[in-house]
Amino acid sequence: MFAAGALVAATSLVAKTLGFDAPETPALHPLQISAGRFAFALLALLVFLTFAPTHRPKFSGANWRMHLARSICGWLGVSAMFAAVTRMPIAEATALSFLGPVVTMVLAVAMLGERLVPRKLIAAGLALIGAALILRPGEDAFQIAGLFALASAGFMGLEAIFIKKLSDREPALRVLLINNTIGALVSLGVASVVWLWPSWEQWLLLIILGSVMVCAQALFIQSVKRGEASLVMPAFYSVLVFAALYDFLLYGVFPAFAGLAGAALILTSALILARIDGRG
């Protein structure tokens, strides 16, 4: 799970690099970056299945409607996240994306009939205070980018509900393959509207982005399957540490004190929710 966190943070770093303007290589649109993430993740999966035919999943009985809903939410969440990291420090955008568990909690109450216990309300309150510290209402800095990160959290929170339903009924590899196939088809179609032919360096980064993301997904799934949620989920939040480290080492960006305090509150909220979920 720590490895998954490191790789997820790396994808945000790659997306940020692709979203920067350079004298000879104009920035790619977040929708195009998202398309590269899904397309090359799908390609990496197909290469794996070519050399491992015994792992090829069967598609009979797949809940295609739920797969489609999950994949659309995932694509919107990833695209919004990539838009955020090109405009604000990766650590702060990542912290805001951790509001996803709070969104999932609210949706689980509405859609799955789960109980809303006091500790969940406390966790939600901490997360909202943390988000306010990062967004800093009344200041112009990062507000638009912060809205992208909040939208990402919302879509990913909804996606988590669909993943929760699918993981109980279908094999993990089939879920992964269907998700990246639908994501690639949808994202490539939308990205054609804003398409800019990438340089060879950008092609390379897009390939790395997709390959790293699918590896992170595989590590995440295996971790969840092999360990208790209360143990492995807190380890995933190491992505915030890795994101801050990458941003500092490559861009010299360090979050402001308010951003650090907000991230700490959101992380505390996520840990509380993970502990509650781990106990059932």
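Just so it is clear, the structure is predicted and the values come from calculations on it, not from any experiment. For the single chain, residues carry numbers from 1 onward in sequence order.
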Tell me, do [X] and [Y] make a side-chain contact under 4.5 Å, heavy atoms counted?
X      : Y      : answer
Leu173 : Leu45  : yes
Val14  : Val212 : no
Pro198 : Leu206 : yes
Arg174 : Phe59  : yes
Leu147 : Leu150 : yes
Phe38  : Leu42  : no
Met81  : Thr94  : yes
Ile182 : Trp75  : no

Using modelled atom types and a 3.5 Å cut-off, is there a donor and acceptor pairing between side-chain atoms of [X] and backbone atoms of [Y]?
X      : Y      : answer
Gln202 : Pro26  : yes
Arg87  : Ala83  : yes
Gln32  : Leu196 : yes
Tyr246 : Val241 : no

Co-membership, hydrophobic cluster, residues [X] and [Y], 4.5 Å side-chain:
X      : Y      : result
Ile207 : Met213 : no
Phe155 : Val190 : yes
Trp64  : Ile72  : yes
Val175 : Leu185 : no

For this session: Check step by step if side chain to side chain contact (heavy atoms under 4.5 Å, CB included) holds for Val78 and Ile33.
Result: CA-CA 9 Å; Val78 168; Ile33 299 172; over 6 Å; no
What closest approach, in Å, do [X] and [Y] show between heavy atoms, and which atom pair accounts for it?
X      : Y      : value
Gly77  : Ser152 : O-OG, 2.9 Å
Pro89  : Asp247 : CA-OD2, 3.3 Å
Gly5   : Val239 : O-CG2, 3.3 Å
Leu177 : Leu46  : CD1-CD2, 4.3 Å
Leu209 : Thr11  : CD1-O, 3.5 Å
Ala9   : Ala243 : CB-N, 3.6 Å

From [X] atom [atom1] to [Y] atom [atom2], the distance as rounded to the nearest 0.5 Å:
X      : Y      : atom1 : atom2 : answer
Asn180 : Ser187 : CG    : OG    : 9.5 Å
Phe82  : Leu31  : CZ    : CG    : 11.0 Å
Ile90  : Ser12  : CD1   : OG    : 6.0 Å
Phe40  : Trp203 : CZ    : CH2   : 5.0 Å
Leu188 : Trp195 : CG    : CH2   : 7.0 Å
Ser79  : His29  : OG    : NE2   : 9.5 Å

Problem set entry | Pair Phe162 and His67, ring centroids less than 6.0 Å apart |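 Between His67 and Phe162, which both carry aromatic rings, the centre distance is not below 6.0 Å.
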For this session: Using the side-chain hydrogen bond (donor to acceptor under 3.5 Å, both in side chains) rule, take Asn63 and Arg70 through it: C-alpha gap first, then chi angles, then the decisive distance, then the call.
Result: CA-CA 11 Å; Asn63 189 330; Arg70 177 265 167 111; over 6 Å; no
Problem set entry | Step-by-step side chain to side chain contact (heavy atoms under 4.5 Å, CB included) determination, Met156 to Leu76 | CA-CA 8 Å; Met156 290 181 177; Leu76 289 170; over 6 Å; no
Problem set entry | CA sep, side-chain torsions, deciding dist, call: Leu250, Lys16, side chain to side chain contact (heavy atoms under 4.5 Å, CB included) | CA-CA 11 Å; Leu250 272 78; Lys16 183 167 187 166; over 6 Å; no
